[in-house]
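Working notes for the structure below.
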Amino acid sequence: MVKMTRRRLMAASGAAAGISLFAIGKAHAAEFSYKLATNLAGDHPLNMRAKEAADRIRKASNGQLDIQLFPNNQLGSDTDVLSQLRSGAVELFTLSGLILSTLVPVASINGIGFAFPDYPAVWKAMDGELGAFIRAAIAKSGITAMEHIWDNGFRHISSSTKAIVTPADLEGFKIRVPVSPLWTSMFKALGASPISINVSEMYSALQTKIAEGQENPLAVIWTMRVFEVQKYISLTGHMWDGYWMLANTKAWQALPDDLRALATKELNASALDQRADLEKLNTGLRKDLEAKGIEFKTVDKEPFREKLRQAGFFNEWKQKYGDEAWSVLEKFTGKIA
Ligand code: X2X
């Protein structure tokens, strides 16, 4: 065996049933070169862990599958890249389920205001029946979602003009939200004036005061330097948001089974690593942000929830999603509203 040339070895092993070609020898140019787009800064844990997964996949496949990471909206805004994913111009994309809901309505359901109390409840739902329900809906749109969703985090409201402590403070507040009907609906119900803007334009919208505030997990506020153009952060934790690792289904199915299994396994493993990174990062960031001049406010969530109730927000969205989806959500959150 040792004297065999690589080519003959590969031919021989390829002939043997069940042995994958990519496990043997060193490959030349990648057979599959796929783009992975993200909307986050390069030093966000999502990009660091995605890069690690890509490296492991490249190595274990001897270069047959080369996943190139394009962070920071390099390939366009979320709205643009979602179209590219659908057409196959981009093969892989991490996207918030709430933004994906413009295509797959039920994908925003985990973002219902104040639904999840904490991370254990989130992971139980998203790795369990609720996540499976959402992924089945995504699969009908020519997009494949990997099993483990990546963390974005619990979202908090920041502001350059005034601290948001009660729902009254949100009255007429110009807040940038990502492009998604759920976000607009929720902040309207809270009395604010939401403006839909992709994150690629968020910093400049805040800088030029097109929006007074925005809402995001601390890790995004930190890595996108939002603290430079904001003064207050109110710890509203008003929803949990995650990133599905999405693949164009045609491109994903074009991979040989063993290569697809390898990539799936490594991407899912990195999702779990990333969740742990982010939980740690979000815990430590408060004092880093304070050191940058941000003033933190703790808030009582109940009046915000009550305001949503009074506005009919929960009933409206229950009807939109339908009883089946809503009851799957409530299995994990308890009765909502
Ligand atoms: O657009 C946002 O605010 C962000 C970065 O959190 C999402 O991708 C939903």
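Since we're looking at a predicted model, the values are computed, not measured. For ligands, and for the atoms within them, numbers begin at 1 and follow the listed sequence.
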Decide whether Ser159 and Glu212 meet the rule of one side-chain donor and one side-chain acceptor closer than 3.5 Å.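 Per modelled atom types, Ser159 and Glu212 side chains form no pair under 3.5 Å.
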Qualifying salt bridge (Lys or Arg N to Asp or Glu O under 4.0 Å) pairs, either residue in residues 165-193, two or more places apart: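 Residue pairs with at least one partner in residues 165-193: Glu171-Lys307.
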What are the two closest non-hydrogen atoms of Trp244 and Ala145, and how far apart are they?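 Taking Trp244 first and Ala145 second, the nearest heavy atoms are CE3-CB, 4.0 Å.
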[X]-ligand 1 polar pair, N/O distance under 3.5 Å:
X      : value
Ser96  : no
Arg155 : yes
Asn39  : yes

Before we go on, tell me: are the rings of Tyr119 and Trp123 under 6.0 Å apart, centre to centre?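 They qualify: ring centres under 6.0 Å apart.
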Quick check on Arg176 - does any of its heavy atoms sit under 4.0 Å from an atom of ligand 1?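 In this structure, Arg176 qualifies as a contact of ligand 1 - some heavy atom is under 4.0 Å.
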Would a distance-only check, ignoring hydrogens and angles, find a side-chain to backbone donor-acceptor pair under 3.5 Å from Asp66 to Arg58?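 Not confirmed, Asp66 side chain does not pair with Arg58 backbone.
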Which of the ligand 1 atoms, numbered from 1, are nearer than 4.0 Å to a heavy atom of [X]:
X      : result
Trp183 : 9 (C)
Pro178 : 1 (O), 2 (C), 3 (O)
Asp241 : 9 (C)

For atom 6 (O) of ligand 1, which protein heavy atom lies nearest, and how many Å away is it?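 Scanning the protein heavy atoms, the shortest distance from atom 6 (O) of ligand 1 goes to Asn216 OD1, 2.6 Å.
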Distance from atom 7 (C) of ligand 1 to nearest protein heavy atom, with residue and atom: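 Closest protein heavy atom to atom 7 (C) of ligand 1: Tyr243 OH, 3.6 Å.
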Counting only heavy atoms closer than 4.0 Å, does ligand 1 sit against the backbone of Asn198, its side chain, both, or neither?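 Within the 4.0 Å criterion, Asn198 makes no contact with ligand 1.
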Counting only heavy atoms closer than 4.0 Å, does ligand 1 sit against the backbone of Leu98, its side chain, both, or neither?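 Contact part for Leu98 vs ligand 1: neither.
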Are Phe332 and Leu182 linked, directly or through other ILVMFWY residues, by side chains that come within less than 4.5 angstrom of each other?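 Looking at the clustering, Leu182 is in the same group as Phe332.
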In terms of side-chain geometry, is the basic nitrogen of Lys280 or Asp277 positioned less than 4.0 Å from the acidic oxygen of its partner?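 The answer is no: the pair does not qualify as a salt bridge.
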Which residues satisfy the ring-ring contact (aromatic ring centres under 6.0 Å, His included) test with His156, sequence neighbours excluded?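 Counting only residues at least two positions away or on another chain, His156 forms no ring-ring contact (aromatic ring centres under 6.0 Å, His included).
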